[in-house]
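Below you'll find the structure, written out as structure tokens, and then a few comments.
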Number of protein chains: 2
Amino acid sequence: MTDEQFPRPIVTVDIVLLTLSDERLCVALLQRATEPFQAVSGLIGGYIHADEDQDAEDAVRRILKQKTGLDGIFFEQLRSFASANRDPRGWSVSIAYFALVPKPVLEAAAHTLELRPVTEPGSLPFDHGEILAAAVNRLRGKGAYSTLPARLLPDIFTMSELQSIYETVIGERLDQSAFRRKISDLNLLEEVEGEKRQTERARRPTTLYRLKDPISVFNRRI
Amino acid sequence: MTDEQFPRPIVTVDIVLLTLSDERLCVALLQRATEPFQAVSGLIGGYIHADEDQDAEDAVRRILKQKTGLDGIFFEQLRSFASANRDPRGWSVSIAYFALVPKPVLEAAAHTLELRPVTEPGSLPFDHGEILAAAVNRLRGKGAYSTLPARLLPDIFTMSELQSIYETVIGERLDQSAFRRKISDLNLLEEVEGEKRQTERARRPTTLYRLKDPISVFNRRI
DNA sequence: TCAATAGTGTCTTTCAGACACTATGGT
DNA sequence: ACCATAGTGTCTGAAAGACACTATTGA
């Protein structure tokens, strides 16, 4: 830090907003209003506003609110992407975040978002394809060792729904018995009183659960 | 990304350079040449030079070379720290990296670095304390599931040295038998011909090993 | 009673931890 | 012969996977 005669790079925040639609992991995209890549769908992003944002997380919250209407959803920093050529406007830094939202919450709040399966995201502007891939990787990796995947469900859910979401995130089938045993050993959930059966075509009523802690990380793989 | 009338933040790169000294994990600090915090020891860092650096990793390599003389050592991105008040000069972004270097390599190349145990780093400028803590956390967390800790050893090492470094990084004693079994199951190492006993006071000669791959990540905990 | 999912019991295998044991070679 | 470290064998207990089993209730 010896010299400050260098041009400052552009700094933006980009958010990989993930949700579950039809048992598939999907990314929410927004059509760009301005150049470059005007009218192309890309990650939700924006400049940091030095006057209103105290830190990068503030910028994420503001941008999510402004551009999607969402508020109070889970997000965490992924990493930054910084290079001379990722943006045609010049040297730029994107501080990338990934966010998880239950589909119903997304539908209630969101403006006009486009959902695409993460496996076939189509062509994305800038290096958004790479950022998306990094987010999915992170979710898959951390998903097996944390309650992260539960952030894709509503606050209250059944054990089957939880298992199903883990299967989707991790990408493999899990044994029902072992799954319940592990979840129960880890003591992550609490029962919700007034059990009732959800929408499904099941006959037998299902116990409902909620997370004790917003987010838990553990050693053993689910 | 709608508007570009906002002042651009300062963007720097900061490197948490870790090594092992006396069985303790230490961070290498550099005395700052300029304000703010002139003459205070802090992380190795610098501005991105938009003209010479193609990306952030280029900046890391350049800064490491210029400020420490080190070349070709392991580093990876940690995360970014971005806020209005982390730097008295204004809104700033630090893309933080952590790097691992064997002590002999550090001593051979380094200019005037100061080594401090990560457990007692003293008072650091900016939010460098927080960045250091994040780096140590990452190393501890990832260390048990990868060959990362081996980057603190020379290319060729004994099984005992490897075990010892894992113990230091993870922060707990490991059973010798189980350790060797796991390492051998994972098939990470290859024997080096011409076994010889190293410096120690051991009587029996020791087999020497090197890593097959620069870095490996695995599922099971060491 | 049947369909359909909820939820449990138990066997087997795998693996980590503990710990005692053997091996080697300089002094 | 002895010491200090290198390196191995084996027992035990915990947990994972496989899979069959029972439970509940609307239709």
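Throughout, a chain's letter reflects where its sequence line sits, starting with A, and its residues are numbered from 1.
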If you assign B:R221 and B:Q176 each to the DNA chain C nucleotide with the nearest heavy atom, which residue ends up on the more 5' nucleotide? B:R221
To the nearest Å, how far apart are B:D175 CG and C:dA20 P? 11 Å
Salt bridge between B:E76 and B:R138, side-chain N to carboxylate O under 4.0 Å? yes
In whole Å, I'd like the distance from the CG atom of B:D185 to the P atom of C:dT13. 19 Å
Using whole Å, report how far CZ of A:R181 lies from C1' of C:dA6. 17 Å
Just compare C:dG17, C:dT24, D:dT24 and give me whichever is closest to any side-chain atom of B:P205. C:dT24
A:T207 side-chain proximity, nearest of C:dG9, C:dA4, C:dG7: C:dG7
With respect to the phosphate group of D:dA6, does any side-chain polar atom (N or O) of B:S160 fall under 4.0 Å of OP1 or OP2? yes
Under 4.0 Å from OP1 or OP2 of C:dC15: is there any side-chain N or O of B:R220 that close? yes
Considering only D:dA6, C:dG25, C:dG7, which nucleotide approaches the side chain of B:T206 most closely? D:dA6
Which of A:L20, A:L106, A:L18, A:D22 passes side-chain contact (heavy atoms from CB on, under 4.5 Å) with A:L115? It is A:L106
Determine yes or no for a side-chain-to-main-chain donor-acceptor pair under 3.5 angstrom, with B:R140 supplying the side chain and B:V169 the backbone. yes
Donor-acceptor pair under 3.5 Å, A:S177 side chain vs D:dG17 base: no
Whole-Å distance separating the CZ atom of A:R180 from the P atom of D:dG17: 16 Å
Euclidean distance, atom NZ of residue A:K182 to atom P of D:dA16 [Å, nearest integer]: 5 Å
